[in-house]
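Since the structure comes first, as structure tokens, the remarks are kept for the end.
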Amino acid sequence: MTIRSIRLTTSLLGCLTLAACAATTTAISKRELDVQTRMSDSIFLDPLPPARRTVFVQVKNTSDRADFDIEDGIKAAILERGYQLVDNPERAHYMLQANVLQAGESSETAAEDAFASGFGGALFGAAVGAAGARVATKDTGSIIGGGLIGAAVETAAGAFIKDVTYSAITDIQVSERAAEGEVVTESFEQDVGQGTGGSRIVRTDSTSGWKRYRTRVMSIANQANLEFEDAAPELVAGLTRSIAGVF
């Protein structure tokens, strides 16, 4: 065996050991499903006598997972809290409107950034497959001999053990009917783009019979080799508990 062969063999053994250690560390540290749910801003509603605890619920899903359903769970949880659901907003003292903006695989950083932007804020692209991208963008000239073997081993190890994160981000608006004689003033301002170089500010002022509260809710699940089918029920449960907890 030549010196070059010995060096390549030693390099291969070292890469195998490091890759195995990294995969084992991920498998052990991420063996348990970790689910966290947070609300960007708290909402406090005035307590009401039982006869006036009526809620109109409207839930939409504009994510790319149409089967991700939180409406039934939210309605059931609100009923358990002693409220009555009505199908006519004119008969409701409260209105709950929710929109699922994103549901699926994401990077933890992207999910945190989207959550931090708050109600109506932009959703940042999910950084999925970052490890593979790092391997693909290494300098070609440096991937020779042991380096090439190391990249191959790292890719193979990553194919078996992956640190997977799923998130579900929902914007909600809760409207509370104003008391008799109470006038609520609303202002809405939007920057409407005009071509590539200009903009137009549209501002609307109006009065309303509703006091409105807005917040963003995020549920995030993380585990090694996690599948969405396993994460989805936990994400739904987290969102349901948080949103219904407003009442």
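One is the number of the first residue; the rest follow in order along the sequence.
S167 and S106 make their closest contact through OG-CB, 3.5 Å (heavy atoms, listed as atom of the first residue, atom of the second, distance).
Residues passing the salt bridge (charged side-chain N to carboxylate O under 4.0 Å, His left out) test with R216, sequence neighbours excluded: D171. Annotation: salt bridge (charged side-chain N to carboxylate O under 4.0 Å, His left out) contacts of R52 (sequence neighbours excluded): none. Evaluation of the salt bridge (charged side-chain N to carboxylate O under 4.0 Å, His left out) rule for R65 yields no partner, not counting sequence neighbours. Checked against side-chain hydrogen bond (donor to acceptor under 3.5 Å, both in side chains), T170 has no partners two or more places apart in sequence or in another chain. Applying the side-chain contact (heavy atoms from CB on, under 4.5 Å) criterion to A178, with sequence neighbours excluded, gives E182, V184. Under the rule for a side-chain hydrogen bond (donor to acceptor under 3.5 Å, both in side chains), the partners of S175 that lie at least two apart in sequence or sit in another chain are R212. Scanning for side-chain contact (heavy atoms from CB on, under 4.5 Å) contacts around N99 gives K60, T62, L101, with sequence neighbours left out.
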Atom pairs and distances, side-chain donor-acceptor, residues 230-243, under 3.5 Å, sequence neighbours left out:
{"from": "T240", "atom 1": "OG1", "to": "V236", "atom 2": "O", "distance (Å)": "2.8"}

Under 3.5 Å, side-chain donor or acceptor atoms of residues 67-75 against the rest of the protein: list the pairs with distances, not counting sequence neighbours.
{"from": "D69", "atom 1": "OD1", "to": "E71", "atom 2": "N", "distance (Å)": "3.1"}
{"from": "E71", "atom 1": "OE2", "to": "K75", "atom 2": "NZ", "distance (Å)": "3.0"}

For this session: Could you please spell out the steps behind the side-chain contact (heavy atoms from CB on, under 4.5 Å) verdict for T109 and E112?
Result: CA-CA 5 Å; T109 300; E112 291 289 348; 5.8 Å; no
Exercise. Which is it for E105 and T165 under the side chain to side chain donor-acceptor pair (under 3.5 Å) test, yes or no, and what are the steps along the way?
Worked result: CA-CA 6 Å; E105 190 169 0; T165 297; over 6 Å; no
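At least one side-chain heavy atom of S219 sits under 4.5 Å from a side-chain heavy atom of V35. At a threshold of 4.5 Å between non-hydrogen side-chain atoms, the residues M218 and M39 do not count as touching. At a threshold of 4.5 Å between non-hydrogen side-chain atoms, the residues L33 and L226 count as touching. Taking 4.5 Å as the limit, some side-chain heavy atom of L123 sits within range of a side-chain heavy atom of I169.
Between S208 atom OG and R177 atom CZ the span is 9.5 Å, to the nearest 0.5 Å. Between the CG atom of L45 and the CD atom of E176 there is a distance of 5.5 Å, given to the nearest 0.5 Å. Separation of atoms CD (Q36) and CD (E108) is listed at 7.5 Å; rounding is to 0.5 Å. Separating the OG atom in S107 from the CG atom in D113 is a distance of 8.0 Å, to the nearest 0.5 Å.
A donor-acceptor contact shorter than 3.5 Å is absent between the side chain of T54 and the backbone of Q84. Judged purely by atom type and a 3.5 angstrom limit, N225 uses its side chain to pair as donor or acceptor with the backbone of K162.
Heavy atoms of other residues, nucleotides or ligands lying less than 6.0 angstrom from CG of D87 number 12 at most.
Hydrophobic side-chain contacts under 4.5 Å tie F119 to no other Ile, Leu, Val, Met, Phe, Trp or Tyr residue. Hydrophobic cluster membership of F56, counting Ile, Leu, Val, Met, Phe, Trp and Tyr whose side-chain heavy atoms lie under 4.5 Å apart directly or via other members: V86, M95, W210.
Q173 and Y213 are not linked by any side-chain donor-acceptor pair at a separation below 3.5 angstrom, with hydrogens and angles left out of the test.
Judged as a ring pair (Phe, Tyr, Trp, His ring centres under 6.0 Å), the pairs with a partner in residues 217-247 (not counting sequence neighbours) are, in order, Y83-F247, Y94-F247, Y166-F228.
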